[in-house]
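First the structure, in the form of structure tokens, and then the observations on it.
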2 protein chains.
Amino acid sequence: MEEPQISPSEWEVMRVVWTTSPITSREISTILNEKKDWKLATTKTLIGRLVKKGMLTAEPNGRQYDYSPAVTEEKSVEEATEALLSQVCTKKAGVTIQMMLENSTLSLSDLEALEDVIKLKKETAPLEVVCSCIPGQCSCVH
Amino acid sequence: MEEPQISPSEWEVMRVVWTTSPITSREISTILNEKKDWKLATTKTLIGRLVKKGMLTAEPNGRQYDYSPAVTEEKSVEEATEALLSQVCTKKAGVTIQMMLENSTLSLSDLEALEDVIKLKKETAPLEVVCSCIPGQCSCVH
DNA sequence: ATTTACCGATTACAGTTGTAAACTATGTTT
DNA sequence: AAACATAGTTTACAACTGTAATCGGTAAAT
């Protein structure tokens, strides 16, 4: 029952389809040639796997297909962030996000938006986050 | 020259060693039994792979080894966050971080620390982040 | 001294991922 | 009509992952 994941190479393809859809395999391949030294066959393989995983839909159009995303980029990014945060103790989510912040270039409006979110969250923020790690997988004292 | 990555299952082992080291394979296995239905052999395989990848050091102690981390958790988490952000347009780093923020439980002091970082970043923040995606992989107008 | 328990190392084996060639069928060009 | 180009599909194959059994050696227990 595990949700199929989008692998890094597959993600390259998804980004193209998220940006432009419907789109053909040849167009996807042409776009990706700017970044990846992939043969057309490689791109086709990745597209095929994404269709099988239910990440892309394939609409027949003549003798070829028009591909479109079956999942949104937002949802996919969200799942990726959840996967990341699931790997650290809940108490470390703060410093992890802080690290990302420090390592990213953000615009003034990005930062203001973040401030707004933080301001809101402060209204209901706990004094302390509870750790739910099993004993031995983080340094919190249970 | 690719840096070997820590797989999700291997990450479970790393978390134990980051928390307690030096530590033996049996101790690691015992701790993880709380969370994973792994046989001792499975844990040993993962430990072996981590040693081979240079993520753990193995110090002989009698007829067994004491394992310790060869990489820090901070550095590893940092690389994981970089990998995540490399998958989205630089212009979307802000909303991505915002999403993580919204989906996380953070303490008051976490939020205040974030505010401090943001305040500092605002001093040198650009009005707009430049996108460096190849054409077709994001919706920015180049 | 044997037997037993336990250690790391080797082998196993299917599924995923990265990367692509070969194949089949159908349009297109000459 | 024959040759060619092109679309998707099938097959390939090594590396990595998840999960574990088995093996070979040694320390401990009888």
Side-chain angles (χ1 to χ4, degrees), chain A residues 1-17 22-68 76 79-80 83 86-87, chain B residues 1-17 22-68 76 79-80 83 86-87:
Chain A
M1 297 300 106
E2 279 307 311
E3 323 235 332
Q5 287 305 296
I6 300 173
S7 78
S9 290
E10 288 165 359
W11 197 278
E12 300 287 350
V13 173
M14 290 305 296
R15 288 184 64 180
V16 174
V17 186
I23 188 170
T24 65
S25 64
R26 177 159 294 273
E27 291 169 322
I28 294 172
S29 176
T30 300
I31 288 173
L32 284 175
N33 274 345
E34 192 69 29
K35 186 177 184 182
K36 296 292 190 178
D37 278 340
W38 287 345
K39 305 292 165 154
L40 177 59
T42 301
T43 304
K44 285 182 180 177
T45 298
L46 294 172
I47 292 171
R49 288 179 184 166
L50 285 166
V51 171
K52 183 178 300 178
K53 288 182 179 183
M55 301 298 177
L56 290 180
T57 62
E59 194 67 30
N61 178 350
R63 70 182 167 131
Q64 62 192 93
Y65 288 116
D66 286 338
Y67 299 99
S68 297
S76 300
E79 279 166 13
S86 78
Q87 289 186 310
Chain B
M1 291 300 106
E2 280 305 310
E3 323 234 332
Q5 288 305 299
I6 300 172
S7 79
S9 290
E10 288 165 357
W11 197 279
E12 299 288 349
V13 173
M14 289 305 295
R15 288 184 65 180
V16 174
V17 187
I23 189 171
T24 65
S25 64
R26 178 160 291 275
E27 290 169 324
I28 294 172
S29 175
T30 300
I31 287 173
L32 284 174
N33 274 344
E34 192 69 29
K35 186 178 186 182
K36 297 292 190 177
D37 277 340
W38 288 344
K39 304 294 176 215
L40 177 58
T42 300
T43 304
K44 284 181 180 178
T45 297
L46 295 172
I47 292 171
R49 288 177 183 168
L50 285 166
V51 171
K52 183 179 300 178
K53 288 182 179 183
M55 301 298 177
L56 290 180
T57 62
E59 194 67 29
N61 178 350
R63 70 182 168 129
Q64 64 192 93
Y65 288 116
D66 285 338
Y67 297 99
S68 297
S76 300
E79 279 166 12
S86 78
Q87 290 186 309

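What you are looking at is a predicted structure, and each value in this text was computed from that prediction instead of being measured. Because only heavy atoms are used, hydrogens play no part in the values below, and waters and symmetry mates are left out as well, while side chains stay in.
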Whichever of B/Asp66 and A/Glu10 has the more 5' nearest nucleotide on DNA chain C, that residue is B/Asp66
TODO: Answer yes or no: is there a donor N or O on one side and an acceptor on the other, between the side chain of B/Lys53 and the main chain of B/Ile6, under 3.5 Å?
DONE: no
Hits for side chain to side chain contact (heavy atoms under 4.5 Å, CB included) against B/Glu27, two or more places apart or cross-chain, chain-then-number order -> B/Ile23, B/Thr24
- Message: Taking the basic N atoms (NZ, or NE/NH1/NH2) and the acidic carboxylate oxygens, is any pair closer than 4.0 Å for A/Arg49 and A/Glu10?
- Response: no
| said: Between B/Val13 and B/Ile28, is the side chain to side chain contact (heavy atoms under 4.5 Å, CB included) condition met? List the steps. | reply: CA-CA 7 Å; B/Val13 173; B/Ile28 294 172; 4.1 Å; yes
The dot-bracket string of DNA chain C, counting Watson-Crick and G-U wobble pairs with both distances under 3.5 Å, using [ ] for crossing pairs and | for pairs to another strand, is ||||||||||||||||||||||||||||||
Sorted by chain and number, sequence neighbours left out, side chain to side chain contact (heavy atoms under 4.5 Å, CB included) with A/Arg63 holds for none
When B/Ile31, B/Leu40, B/Thr43 are each screened for side chain to side chain contact (heavy atoms under 4.5 Å, CB included) with B/Arg26, the one that passes is B/Leu40
Residues A/Ala58 and A/Tyr67: closest non-hydrogen pair is CB-CE2, 3.7 Å
A/Arg63 CZ to C/dG27 P, in whole Å, measures 7 Å
Closer than 4.0 Å, any side-chain N/O of B/Tyr67 to the OP1 or OP2 of C/dC7?
no
Span of DNA chain D engaged by chain B, first through last nucleotide within the 4.0 Å heavy-atom cut-off, is D/dT17 to D/dA27
### Task
Test side chain to side chain contact (heavy atoms under 4.5 Å, CB included) on A/Met55 and A/Gln5 and set out the steps.
CA-CA 9 Å; A/Met55 301 298 177; A/Gln5 287 305 296; over 6 Å; no
The salt bridge (charged side-chain N to carboxylate O under 4.0 Å, His left out) partners of A/Lys36 (sequence neighbours excluded) come to none
What residues 26-61 of chain A contributes to the DNA chain D interface at heavy-atom separation below 4.0 Å is A/Arg26, A/Lys44, A/Arg49
### Message
Under the criterion side chain to side chain contact (heavy atoms under 4.5 Å, CB included), I'd like the reasoning laid out for A/Ser29 against A/Trp38: C-alpha separation, chi angles, the key distance, then a yes or no.
### Response
CA-CA 8 Å; A/Ser29 176; A/Trp38 287 345; over 6 Å; no
Any A/Ser9 side-chain nitrogen or oxygen under 4.0 Å from OP1 or OP2 of C/dT19: yes
